[in-house]
Protein chains: 4
Amino acid sequence: MQSPPPVPRATGRPRSAAADAAILAATREALVELGWSKLTLGDVAARAAVAKTTIYRRWPGKNELVVDAVAELFDELRLPDRGTLAADIEGVVLQFAAILARPEAKSGLMAVVAESTRDDALRERIRASIVDRQKRLVLEGRARAQARGELPPESDPGEASRTVDLIFDVVAGAVVHRTLVSAEPADEEWVRGFTRVLLLGLAGASQTV
Amino acid sequence: MQSPPPVPRATGRPRSAAADAAILAATREALVELGWSKLTLGDVAARAAVAKTTIYRRWPGKNELVVDAVAELFDELRLPDRGTLAADIEGVVLQFAAILARPEAKSGLMAVVAESTRDDALRERIRASIVDRQKRLVLEGRARAQARGELPPESDPGEASRTVDLIFDVVAGAVVHRTLVSAEPADEEWVRGFTRVLLLGLAGASQTV
Amino acid sequence: MQSPPPVPRATGRPRSAAADAAILAATREALVELGWSKLTLGDVAARAAVAKTTIYRRWPGKNELVVDAVAELFDELRLPDRGTLAADIEGVVLQFAAILARPEAKSGLMAVVAESTRDDALRERIRASIVDRQKRLVLEGRARAQARGELPPESDPGEASRTVDLIFDVVAGAVVHRTLVSAEPADEEWVRGFTRVLLLGLAGASQTV
Amino acid sequence: MQSPPPVPRATGRPRSAAADAAILAATREALVELGWSKLTLGDVAARAAVAKTTIYRRWPGKNELVVDAVAELFDELRLPDRGTLAADIEGVVLQFAAILARPEAKSGLMAVVAESTRDDALRERIRASIVDRQKRLVLEGRARAQARGELPPESDPGEASRTVDLIFDVVAGAVVHRTLVSAEPADEEWVRGFTRVLLLGLAGASQTV
DNA sequence: CCCTAAACGAGACGGTACGTCCCGTCTTATG
DNA sequence: CATAAGACGGGACGTACCGTCTCGTTTAGGG
């Protein structure tokens, strides 16, 4: 049984749940219209029809608010069952690229990552809210491929974990770089080429350690 | 024959070249100490012992200044001749990772990339000053490998160009993601693993088109 | 009956009355030390231990602030009862001269008058805050002299108003010119001579229309 | 004997006399269009088709330049011979009022007077260039009136000098105050009334010392 | 007739203040 | 207690001028 959360004395007026949602939605709206650097909490407050203090009561600052607003976008990601490992990966990479193509993600994500290089708490928040939360996709995909017999069951758990991390860095990094720096669309053709290279590379590497 | 450059009527006091250098150096220094978001042009001016207007006369704003300050860092990159393609790539990726590990690069680079999602001129500046300028390494590396017989001469130039872009997105993206998002060091072991996957993938892909 | 003031919806934190007073006092202090042209709102803010925005929230700019700061000085003027019209006038002219001799008045007053030649709103503010407010002295003095029998009750109100204006222009103008342009003290001797000329002139003029 | 002026070695290119005139004219033009506070030396330089340094070589700053530019306006004043002292005075006061009504005089004159309260050299320059230079009018007028027998020859020279100063303060002060502060025109009617009061006052005062 | 030295135009320079924007905190009254 | 409203102290912005400087160019005497 789950013990009840350590209720911190719920006296006084309770916080409005509607306000939370309105603030996050207003943040995404402002990201689309203004981008990260011109987004101001005063503006978000006005869009959400909320006082500035109501935002500060919930988030320490702009960075944390944006992390939470953007994190929700990535929860849409699903691992489609397209029959083969390659097709599954292509599917999820395309979804990932589609999210990154949206201005509220583009604009906010890189900015908070940049900030996180000097703010450990922020980096931890990003990892927890966004990155680690999506590693489920890699694990799920591998399990499915093993069930299909496309991949052998891994023997060395340490090695397996390192491989997951590598996959994640390569996939996320390549898509982000293609989208933001090269400013070219990560479309189906590109994803197909990229996926082939990735899978061949992983297959080859696992054989020739 | 080279026609003489269209002299733009050099009247008035010429701009100080020393100021340019001092400003870029001060910018990198401030990036190390303060990070991008707390860097102010007033502070840079003070460090460079220069007036704010002297900066604004040369750069439109903080973003463009940081791009130029960071771009200089990447000019250090050299393709070492380590005998094999794999070793050469490992060498340059390690150098790239070393630069990205420096706080003045970390802090500034992602921030301007984030800004560039809403500013086409800035993105173009980044591409011209940083990205395209380093594609020379990929081209050089391929040429050397072909000379060694490790790679066949490419037949389809369009395909070759797409491959260069893909390599660049994968290498730069993966190293950046590893360094900034995963916040793990891109050390020799990781680079070796990554390079093996990349080369095997590329080799496999080129055979099985 | 007095209808209630049109309450302007007093929501939010009310403005600090202490800040108003501190700002005006700081302005006078700065006028003394720096003079009008070297007075900066940033300096005033620092002296008043107040943010610049707090000043801009209340006054549109330096000119209006100085008008209000100087206007308070002239509220000290009192019409003394010295027994005769001539002595009363001498008394008030001396007080006026004493105020004009103070650096915070000298420095600020002429400057805002100069500015007002190109700014109708400013001129109106000066007239309302300073000039018209002190015409009370002329009216009071005339009433007292009429009560004493020194002056006949005026018959033509238009003529009377013109006379008040003339007196004001002559008195204020002469004292200001003596103090600021000629840079000689408007001391008792000068005031006595000036008052005699003024009264004899007015007396003669009223008889010989 | 007057020794020759200490010629400062007249070598090199001589200063352009045309520039002097162009600068003063441009200053007056800028005073009309912009007023004193928005007048900048850069703007004057541009209007005069002259480099900023050419202005600074001749005048220490904006204040001194404006004094010289305005002073020229007052050299137009002439004492007309209208037959009687009263009419002569009315004539010159009207001329004075006409000059003061011009925006280049209004705007500049009060401003430099204001500045002069904190700058003795500037006050001296104003007195020498503008005020004392026009006292000739008072002296001329008195001499003419004495020739006509309207005024007796003065006996006490000190008293006479004090009277000139008083007249000047009263006349200049009243007209300035009327024009700038009261912002009413010093037209013929007003001047007639003012002159009558002044002359009657002076006449009465000289008899009843 | 050239030489010389100052004046000149142009515009960059180190500075100061501007007036605005936003931050994150506070002080009200209201719910 | 939470909330809407908005004033507050503070700090950076990007701009406008200041008065000085450093260039290359022009221009009148004096040798």
Side-chain angles (χ1 to χ4, degrees), chain A residues 8-16 19 37-43 45-46 48-62, chain B residues 9-19 37-43 45-46 48-62, chain C residues 9-16 18-19 37-46 48-62, chain D residues 8-16 18-19 37-46 48-62:
Chain A
R9 184 64 193 108
T11 178
R13 177 171 168 178
R15 288 201 183 158
S16 156
S37 66
K38 302 203 170 170
L39 177 154
T40 71
L41 290 206
D43 187 277
V50 137
K52 268 199 298 176
T53 41
T54 301
I55 300 182
Y56 280 107
R57 213 168 278 123
R58 290 161 162 79
W59 287 275
K62 176 167 152 175
Chain B
R9 183 68 190 106
T11 179
R13 177 174 172 176
R15 292 208 179 153
S16 157
S37 65
K38 303 204 170 169
L39 177 153
T40 70
L41 290 208
D43 186 276
V50 136
K52 259 198 304 175
T53 44
T54 299
I55 301 182
Y56 281 107
R57 213 171 277 127
R58 290 162 163 77
W59 289 276
K62 179 167 152 174
Chain C
R9 185 65 190 107
T11 179
R13 178 173 172 178
R15 292 210 178 148
S16 158
S37 65
K38 303 204 169 167
L39 177 153
T40 69
L41 290 206
D43 186 277
V44 170
V50 137
K52 261 199 304 175
T53 44
T54 300
I55 300 183
Y56 281 107
R57 214 170 276 126
R58 291 161 162 77
W59 288 276
K62 180 168 152 174
Chain D
R9 183 69 190 104
T11 179
R13 177 173 171 179
R15 289 200 182 159
S16 157
S37 65
K38 303 204 169 168
L39 178 153
T40 71
L41 289 206
D43 186 276
V44 170
V50 136
K52 266 198 301 174
T53 42
T54 302
I55 300 183
Y56 280 107
R57 214 170 277 126
R58 289 160 164 79
W59 288 275
K62 176 168 152 175

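What you see is a predicted model, and the numbers here were worked out from it, not measured in a lab. Chain identifiers are assigned alphabetically (A, B, ...) following the order of the sequence lines, protein sequences preceding nucleic acid strands; residue numbering begins at 1 within each chain.
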Peer 1: Classify every nucleotide of nucleotides 7-13 of chain F by which part a protein heavy atom approaches to under 4.0 Å, writing B for the base, S for the sugar-phosphate alone and - for neither, in 5'-to-3' order.
Peer 2: BBBB-SS
Peer 1: Roughly how far, to the nearest 0.5 Å, is NZ of Lys52(D) from OG1 of Thr40(D)?
Peer 2: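 Those atoms lie 8.5 Å apart.
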Peer 1: Quick one: OG on Ser16(B) to CZ on Arg57(B), what's the gap to the nearest 0.5 Å?
Peer 2: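 If I round to the nearest 0.5 Å, the distance is 11.0 Å.
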Peer 1: Over all heavy atoms of both residues, which pair between Leu41(A) and Ile55(A) is shortest? Give the atoms and the distance, please.
Peer 2: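 Taking Leu41(A) first and Ile55(A) second, the nearest heavy atoms are O-CD1, 3.8 Å.
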Peer 1: Can you name the closest pair of heavy atoms from Ala45(A) and Ala51(A) and give their distance?
Peer 2: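 Looking at all heavy atoms of both residues, the shortest contact is CB-C, 4.1 Å.
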Peer 1: What is the separation between atom CD1 on Ile55(D) and atom C1' on dG9(E), rounded to the nearest whole Å?
Peer 2: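 Those two atoms, CD1 and C1', are 13 Å apart.
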Peer 1: Which heavy-atom pair separates Ala19(A) from Arg58(A) by the least distance, and what is that distance?
Peer 2: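 Heavy atoms of Ala19(A) and Arg58(A) come nearest at CB-NH2, 3.8 Å.
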